[in-house]
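First listed ligand is number 1; within each ligand, the first listed atom is number 1. From a predicted model like this one, the values you see are computed outputs, not experimental measurements.
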Amino acid sequence: MAFEDRYGPWALITGASAGIGAEFARQIAARGIHVALVARRRERLEALADDLAQQHGVRTLAIAADLTADHFLDDILAALGTRHVGLLVNNAGTGFTGEFLDHELDDELKLLALNCRAPLILAHHFGNRMRNDRRGGIIMLASIAGLVPTPMFAHYSATKAWNRFLGEGLHEELARDGVDVVSLCPGLTESEFFEHANVDPSGWPAPMRATIMSAEDVVRAGLKGLGKHSQVVPGLSYRWLMRASRLSPGSLSPWLIDRAMRFALPKKPASN
Ligand SMILES: NC(=O)c1ccc[n+]([C@@H]2O[C@H](COP(=O)([O-])OP(=O)(O)OC[C@H]3O[C@@H](n4cnc5c(N)ncnc54)[C@H](OP(=O)(O)O)[C@@H]3O)[C@@H](O)[C@H]2O)c1
């Protein structure tokens with residue numbers, strides 16, 4: 001079945017105002033599927049929606065919504081009206097590096113709402129519709145940080161493991177209903193994410209910087225894997241890294257990652 005018939009007529013993409021989500025919107029629209037774009041920054045969504053409608057002749061919809069709000073689903077459904085969603089890209093997410101106990105609990109709870117509660121609610125709502133249709137697709141944005149526990153990024157890493165598990169579990173569960181689910185696990189990817197996460201790759205050694213992938217390559221790998229795999233790790237270097245971490249003794253990976261993260265992150269000013 002053609003991509004458009006399997007996953008059309010509309011795709012709902014969260015976090016489409018920047019980075020990986022905006023790139024999902026571009027590549028999905030290029031495949032002839034209408035796109036509903038969700039994020040908080042309305043002007044950005046509208047500009048992208050206009051571009052995509054012009055370039056690809058698809059219909060577009062910009063939905064300004066805060067996915068941490070209690071009733072965000074009602075706002076999205078009201079904006080969608082009768083538009084039929086055959087592809088859900090659960091992409092919106094953020095993270096902040098540093099010591100877990102130095103972060104405000106309220107910020108961690110917001111992170112949990114954005115990275116876990118929102119994709120859960122959306123997957124449940126649109127998954128039910130897709131199951132009735134006996135077709136459709138769901139892409140869950142996990143991360144390589146969700147494949148191994150990541151000290152100094154511990155809560156983010158846990159939320160991404162959660163997305164990965166939900167996606168991989170649903171892959172098997174919904175396959176019999178004709179619905180494709182994939183967990184996409186990118187490594188470092190060019191986007192606004194680094195800014196929010198307090199990460200500055202400009203001072204990293206060149207081999208480390210060279211592992212940063214483009215959002216274009218990440219999204220291409222994710223769309224290629226949909227309907228084929230339960231998990232996609234874009235980029236050869238990241239696939240090797242994952243294999244190596246599986247071979248290392250259980251406690252070694254977090255130990256090594258802790259050292260690497262403390263080296264890579266901006267240093268805290270020394271306290272007196
Ligand atoms: N970049 C990486 O290295 C990397 C690696 C692995 C996985 N990922 C995952 O990829 C996904 C996309 O991240 P990205 O790298 O593209 O980051 P990004 O450039 O910072 O984009 C994040 C998107 O999420 C939206 N968003 C943030 N808070 C929101 C809220 N409360 N309500 C609605 N939308 C919200 C942002 O839009 P507004 O600010 O306009 O709301 C933006 O569109 C995330 O799930 C991230 O965990 C990223």
Side-chain angles (χ1 to χ4, degrees), residues 12-27 35-49 62-73 75-76 79 88-97 106-107 109-123 139-148 150 153 155-164 166-167 183-201 204 208-209 211-219 221-222 231-235 237-238 241-242 264:
L12 183 83
I13 303 151
T14 67
S17 63
I20 296 173
E23 184 58 30
F24 262 115
R26 285 184 206 104
Q27 293 193 24
V35 288
L37 313 175
V38 181
R40 289 166 304 181
R41 286 170 288 179
R42 179 183 291 282
E43 320 72 54
R44 287 247 197 146
L45 295 178
E46 284 175 349
L48 180 60
I63 308 176
D66 183 344
L67 295 172
T68 65
D70 278 351
H71 301 293
F72 78 84
L73 182 64
D75 299 341
I76 290 181
L88 166 66
V89 185
N90 259 331
N91 164 80
T94 195
F96 19 89
T97 53
D106 274 355
D107 293 336
L109 289 170
K110 269 204 167 157
L111 181 78
L112 190 64
L114 178 64
N115 289 12
C116 299
R117 179 178 176 271
L120 177 79
I121 290 173
L122 291 167
I139 299 176
M140 301 294 291
L141 253 292
S143 164
I144 58 156
L147 297 172
V148 280
T150 309
F153 214 8
H155 183 209
Y156 172 77
S157 155
T159 68
K160 292 290 131 177
W162 183 98
N163 275 270
R164 176 193 149 211
L166 183 62
S183 292
L184 177 58
C185 307
L188 297 165
T189 308
E190 270 169 29
S191 73
E192 295 176 4
F193 186 85
F194 296 160
E195 260 168 62
H196 303 297
N198 190 27
V199 173
D200 177 12
W204 293 354
M208 213 165 142
R209 280 203 313 270
T211 63
I212 299 176
M213 291 186 67
S214 69
E216 202 181 328
D217 288 344
V218 165
V219 169
Q231 181 197 100
V232 170
V233 178
S237 55
Y238 287 113
L241 192 70
M242 283 309 110

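Ranking the protein heavy atoms by distance from atom 34 (N) of ligand 1 puts A39 CA, 3.7 Å first. Protein heavy atom nearest atom 6 (C) of ligand 1, with residue, atom name and distance: P186 O, 3.3 Å. A65 O, 3.4 Å is the protein heavy atom nearest to atom 33 (C) of ligand 1. Among protein heavy atoms, the minimum distance from atom 5 (C) of ligand 1 is reached at G187 O, 3.2 Å. Of the protein's non-hydrogen atoms, the one nearest atom 11 (C) of ligand 1 is N91 O, 3.1 Å. With respect to atom 42 (C) of ligand 1, the closest heavy atom belonging to the protein is S17 OG, 3.6 Å. Among protein heavy atoms, atom 21 (O) of ligand 1 sits closest to A18 CB, 4.0 Å. The protein heavy atom nearest to atom 32 (N) of ligand 1 is L67 N, 2.9 Å.
Taking 4.5 Å as the limit, every side-chain heavy atom of F24 sits out of range of all side-chain heavy atoms of V35. The closest side-chain heavy-atom distance from F194 to L188 is below 4.5 Å. Looking at T159 and L114, their side chains never come closer than 4.5 Å, going by heavy atoms from C-beta outward. Counting heavy atoms from C-beta on, the side chains of L147 and Q231 come closer than 4.5 Å. Annotation: side chain of F153 is not in contact with side chain of V199 (no heavy-atom distance under 4.5 Å). Residues S183 and L166 form no side-chain contact, since every pair of their non-hydrogen atoms from C-beta on lies 4.5 Å or further apart. Using a 4.5 Å heavy-atom threshold, the side chains of L12 and I63 count as touching. Side-chain contact between V218 and E190 is absent, with no heavy-atom pair separated by less than 4.5 Å.
Every atom of ligand 1 is numbered from 1 in the order shown, and the set under 4.0 Å from a heavy atom of H196 is 20 (O). Those atoms of ligand 1 that come under 4.0 Å of a heavy atom in G93, given as number and element, are 22 (C), 24 (O), 44 (C), 45 (O). Of all atoms in ligand 1, listed by their number and element, those nearer than 4.0 Å to a heavy atom of S191 are 1 (N), 14 (P), 15 (O), 16 (O), 17 (O), 19 (O). Counting the atoms of ligand 1 from 1 in the order shown, those under 4.0 Å from a heavy atom of L188 are 3 (O). Distances below 4.0 Å separate heavy atoms of D66 from the following atoms of ligand 1: 30 (C), 31 (N), 32 (N). Residue G19 approaches ligand 1 through these ligand atoms, each under 4.0 Å from one of its heavy atoms: 16 (O), 19 (O). The Y156 neighbourhood of ligand 1 comprises atoms 6 (C), 7 (C), 8 (N), 9 (C), 46 (C), 47 (O), with distances under 4.0 Å to a heavy atom of that residue. Atom numbering of ligand 1 starts at 1 in the shown order; those under 4.0 Å from a heavy atom of A16 are 43 (O).
Contacts with ligand 1 closer than 4.0 Å are made by heavy atoms of both the backbone and the side chain of I20. Of the heavy atoms in A145, none comes closer than 4.0 Å to ligand 1.
Atoms CG and CZ, on L111 and R117 in that order, are 14.0 Å from each other to the nearest 0.5 Å. The distance from atom CG of L141 to atom CG of N90, rounded to the nearest 0.5 Å, is 8.5 Å. Atom OH of residue Y156 and atom OG1 of residue T97 lie 11.0 Å apart, to the nearest 0.5 angstrom.
Checking A69, P119, A142 against atom 7 (C) of ligand 1, the nearest heavy atom belongs to A142. Residue nearest to atom 28 (N) of ligand 1, selected from R40, E23, E190: R40 (by heavy-atom distance).
Heavy-atom minimum distance, V233 versus Y238: CG1-CB, 3.8 Å.
Of the candidates I13, V38, L37, L45 forms a side chain to side chain contact (heavy atoms under 4.5 Å, CB included) with just one, namely L37. Partner of P119 under the side chain to side chain contact (heavy atoms under 4.5 Å, CB included) criterion, chosen from N163, L88, T14: N163.
Using a 4.0 angstrom heavy-atom cutoff, T94 does not count as in contact with ligand 1. Not close to ligand 1: G95, with no non-hydrogen atom less than 4.0 angstrom away. At a 4.0 Å cut-off, at least one heavy atom of K160 sits close enough to ligand 1 to count as contact.
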